[in-house]
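First the structure, in the form of structure tokens, and then the observations on it.
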Amino acid sequence: MKITKLLYSLVFTLLSLSVFGQSTPSGKVQAQSAEVQLLPGSDSLVGGVINGEKVNKLYGNVAFKQNDAYLYADSVYQFKGRNVLEAYGNVRVNQADTVTMTGQQATYNGNTRTARMVGNVVMKDPRMTLTTPSLDYDMTTKTAVYTEGGTIVDPENRLQSQRGSYDTQSKMFNFQQNVKVFTKDYNITAENMQYNTLSKVVYFQGPTVIKGQQGDLYAEEGTYNTLTKISNFGRNAYILTPEYRLGGDKLYYDQNTGYGFAQQNVTLKSLKDNITVRGKEGRYWRERGLAKVYGNPVMETVMEKDTLYMSADTLISRESKTPVMPSMLYAYHNVKIYKQDLQGKCDSLSFNRTDSVMYMNRKPVLWNDRTQMVSDTIRIHLRNKNIDKMYLFSNAFIASEDTIRNYNQVKGRDMVAQFRKGDIQRVDVNGNGESLYFALEGDTAVTGMNKAICSNMILKFGDNKLKTISFLVQPEASFIPPHELKPEEKQLEGFNWQAELRPTKASVLHSQVAPKVTPVAAKAVPDKGAAKKSKKEKKKKNKPL
């Protein structure tokens with residue numbers, strides 16, 4: 001028996017020397033070294049036939065080589081006819097001294113130069129480590145593929161996905177399904193993503209969310225550099241901070257400086273007071289709490305059951321950074337305001353969002369139903385998102401159109417208007433008061449005109465129409481009958497009815513170009529005789545509001 005085993009050992013020792021030492025054609029799997037040993041208690045030797053196929057069984061410190069690829073294992077089945085290796089136990093595959101894969105089992109095809117490894121697979125190159133239950137690797141394309149979930153770790157980031165591939169030449173990962181990236185500053189989730197282990201840049205296609213301590217980001221395509229912390233996003237992208245949501249079809253954001261820039265379909269939303277600004281371009285400075293939108297920007301905010309719209313050349317929002325610093329909204333040049341019961345225009349505007357106080361500057365005009373209000377500066381106080389009080393400072397002038405197109409007029413140094421549920425109720429005139437008030441019979445005929453000069457007055461309105469005027473301090477009043485009225489007497493100095501400039505919703509929303517009309521002083525409509533003009537003539541002369 002001992003002699004038989006000795007002969008078998010000698011035969012297979014010679015066989016192994018023949019297998020591992022011979023010069024093989026290029027491309028064939030070539031064994032570099034192996035310790036051939038007989039299994040304890042076995043009467044059979046390494047080598048044999050399985051299902052008619054010749055097989056060599058190698059045990060202990062087995063090593064194979066093909067070109068620049070090496071395979072090591074505790075044991076290997078070598079199917080020489082198919083040029084296939086099946087490796088078991090402490091399997092390790094190296095290629096060009098740069099890529100190393102380890103696992104419990106592996107199958108290597110020398111013809112296709114592909115390896116499949118299973119069981120706690122770990123793949124490493126100088127820049128990352130991949131762990132996964134199973135892995136397919138192509139030695140020719142130098143590409144690895146996993147389908148059972150994988151985790152990639154490099155010095156800066158950790159990435160996970162259900163499926164993925166890695167090109168060891170371009171150092172590019174492709175991830176699919178339940179993708180997650182964990183960086184020092186952000187956690188990223190997506191369904192499809194690429195990652196370059198050299199540049200540390202993340203590329204994504206499809207809905208992607210990037211969550212960070214100082215704000216979140218969302219986009220459906222773009223890049224994020226995990227080293228420079230700079231994002232370039234596309235398609236429905238936005239930045240979300242505790243104060244703002246800035247979005248656009250193109251979005252740039254530098255997490256280091258907190259600067260963001262958005263283009264195309266830009267939307268800026270102030271989350272504290274539910275104000276939304278839309279425009280063509282927007283900029284955001286996180287540290288300053290400042291956001292700017294330009295390119296036909298329009299602001300909108302819900303007030304009770306209505307929406308207030310405002311447009312300007314530029315809109316700027318500033319968030320409070322200290323307890324004494326108010327949150328502000330600024331509008332510059334060509335400001336237009338539209339609400340169903342209030343319209344306005346001015347050159348510039350500021351809105352204290354903390355105290356709900358709005359300032360209209362440089363030639364402000366406001367319209368409420370048939371009433372027009374102008375002054376050098378207008379200050380509006382809001383309460384519960386409705387106008388509560390309005391202050392008209394310097395050269396205040398209120399004109400109200402009656403049912404037959406006469407213009408009741410009041411002017412003074414300053415005025416204070418009070419509102420209820422959006423409707424004007426009362427106006428106090430303080431200093432240098434003058435008034436013209438047309439008396440009507442049945443809302444169809446003029447019975448005369450009241451003219452008064454009085455330092456202080458009180459105007460009361462009902463159904464947004466002027467009802468009464470009270471004169472408080474030594475008024476000089478007169479009543480002029482219709483037949484004595486002269487055209488020049490129907491206007492106070494400074495009267496300028498500006499109906500042509502009254503904003504519409506369409507002009508504020510830029511859905512059509514508002515006509516540029518030079519304001520002119522409208523003539524008051526004559527009395528009974530003039531009132532009999534045809535409707536056609538009236539429409540030509542003074543377009544209805």
_For Val121 versus Ser134, what's the shortest heavy-atom pair and its separation?_
CG2-CA, 3.9 Å
*Does a donor on one side chain sit under 3.5 Å from an acceptor on the other, for Tyr166 and Asn174?*
no
*CA sep, side-chain torsions, deciding dist, call: Tyr137, Gln95, side-chain hydrogen bond (donor to acceptor under 3.5 Å, both in side chains)*: CA-CA 11 Å; Tyr137 185 74; Gln95 185 176 31; 2.6 Å; yes
*Within 6.0 angstrom of Glu493 CD, more than 12 heavy atoms from elsewhere*: no
_Trace of the ring-ring contact (aromatic ring centres under 6.0 Å, His included) decision for Tyr244 with Tyr284_ = CA-CA 9 Å; Tyr244 291 112; Tyr284 170 64; 5.6 Å; yes
*Are Tyr259 and Tyr253 near enough that their ring centres are under 6.0 Å apart?*
no
*Checking side-chain contact (heavy atoms from CB on, under 4.5 Å) for the pair Lys336/Tyr309: CA distance, chi angles, key distance, verdict?*
CA-CA 8 Å; Lys336 297 178 184 178; Tyr309 299 95; over 6 Å; no
*What pair of heavy atoms forms the shortest contact from Lys321 to Arg286, and how long is it?*
NZ-O, 3.3 Å
*In terms of heavy-atom contacts, does NZ of Lys171 have more than 12 from other residues, nucleotides or ligands at under 6.0 Å?*
yes
*Within 6.0 Å of CG in Asp97, more than 12 heavy atoms from elsewhere*: no
*Which atom pair, heavy atoms only, marks the closest approach of Gln340 to Gln343?*
O-NE2, 3.4 Å
*Is there a donor-acceptor contact under 3.5 Å linking the side chains of Arg353 and Ser317?*
yes
*Please find out if less than 6.0 Å separates the ring center of Phe204 from that of Phe233.*
yes
*Does a donor on one side chain and an acceptor on the other come within less than 3.5 Å for Ser161 and Tyr146?*
yes
_For Lys269, is the NZ atom crowded, meaning more than 12 foreign heavy atoms sit under 6.0 Å from it?_
no
_Neighbour count >12 (heavy atoms, 6.0 Å) for atom NZ, Lys229_ = yes
*May I ask you to check whether Tyr224 and Tyr186 place their ring centres under 6.0 Å from each other?*
yes
